Amino acid sequence: MALRKSASLKQILKRCSSLGKNNSGLPHDIPKGHFAVYIGENRSRYIVPVSWLAHPEFQSLLQRAEEEFGFNHDMGLTIPCEEVVFQSLISMIG
């Protein structure tokens, strides 16, 4: 499991490192060291720092996202989580 989680985090970090390059049509409004996630039924967009990838609760959300959607997205990650739950998490992390 740790190897799989490590491989997933490496995949996310690789995608995040290319966000500032904008070679693939990604938005210019994502600061270096951040990435976009889409949350909830309405797919509300949040810009989060790469450092959150190390947080256990955020890793749990990423694992759920990988299981449900995979990580092959052009525009950020979709996380299967209610927006109110995500807002609570980011207030705890941030």
Side-chain angles (χ1 to χ4, degrees):
M1 178 69 151
L3 180 61
R4 180 176 174 196
K5 186 180 286 189
S6 176
S8 297
L9 290 175
K10 285 180 183 179
Q11 182 180 4
I12 295 168
L13 285 172
K14 182 178 177 184
R15 286 188 42 83
C16 291
S17 68
S18 67
L19 290 178
K21 297 177 185 170
N22 207 28
N23 292 343
S24 60
L26 293 170
H28 290 280
D29 65 341
I30 300 175
K32 185 175 182 175
H34 292 73
F35 61 102
V37 294
Y38 296 89
I39 306 296
E41 194 172 295
N42 295 326
R43 290 185 35 94
S44 298
R45 183 174 184 244
Y46 290 83
I47 306 298
V48 299
V50 171
S51 63
W52 286 10
L53 292 172
H55 198 279
E57 282 81 6
F58 197 79
Q59 288 180 6
S60 176
L61 287 178
L62 291 175
Q63 183 177 5
R64 286 180 44 202
E66 180 183 26
E67 290 169 0
E68 189 162 332
F69 303 116
F71 288 141
N72 191 16
H73 297 278
D74 292 333
M75 300 292 286
L77 298 170
T78 301
I79 296 179
C81 174
E82 291 182 26
E83 193 169 359
V84 67
V85 173
F86 186 76
Q87 288 173 345
S88 176
L89 175 68
I90 62 176
S91 69
M92 182 181 71
I93 295 175

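Computed from a predicted model, the values in this text were never measured in an experiment.
- Linking ILVMFWY side-chain heavy atoms closer than 4.5 Å, directly or via other members, places M92 and V37 in a single hydrophobic cluster.
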Do Q63 and Q59 pass the side chain to side chain contact (heavy atoms under 4.5 Å, CB included) test, and can you show the C-alpha distance, the side-chain angles, and the key distance before you say yes or no? CA-CA 6 Å; Q63 183 177 5; Q59 288 180 6; over 6 Å; no
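- Residue R45 comes nearest to I30 through the heavy atom pair NH2-CG1, 3.4 Å, listed as atom of the first residue, atom of the second, then distance.
- For S44, the side chain to side chain contact (heavy atoms under 4.5 Å, CB included) criterion is met by N42, Y46, E83, not counting sequence neighbours.
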Worked verdict on F58 versus I90 for side chain to side chain contact (heavy atoms under 4.5 Å, CB included): CA-CA 9 Å; F58 197 79; I90 62 176; 5.9 Å; no
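- Note on I39 and I93: same hydrophobic cluster, where clusters join Ile, Leu, Val, Met, Phe, Trp and Tyr whose side-chain heavy atoms are under 4.5 Å apart, directly or indirectly.
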Apply side chain to side chain contact (heavy atoms under 4.5 Å, CB included) to Y38 and I79, showing your working. CA-CA 6 Å; Y38 296 89; I79 296 179; over 6 Å; no
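- Rounded to the nearest 0.5 Å, atoms CZ (F35) and CD1 (I47) are 9.5 Å apart.
- Listed by chain and residue number, R64, A65, E68, F69 satisfy the side chain to side chain contact (heavy atoms under 4.5 Å, CB included) test with P80 (two or more places apart in sequence, or in another chain).
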Can you list, pair by pair, the side-chain donor-acceptor contacts under 3.5 Å of residues 49-57, counting residues two or more places apart and other chains?
unit_1, atom_1, unit_2, atom_2, d
H55, ND1, E57, N, 3.3
H55, ND1, E57, OE1, 2.9

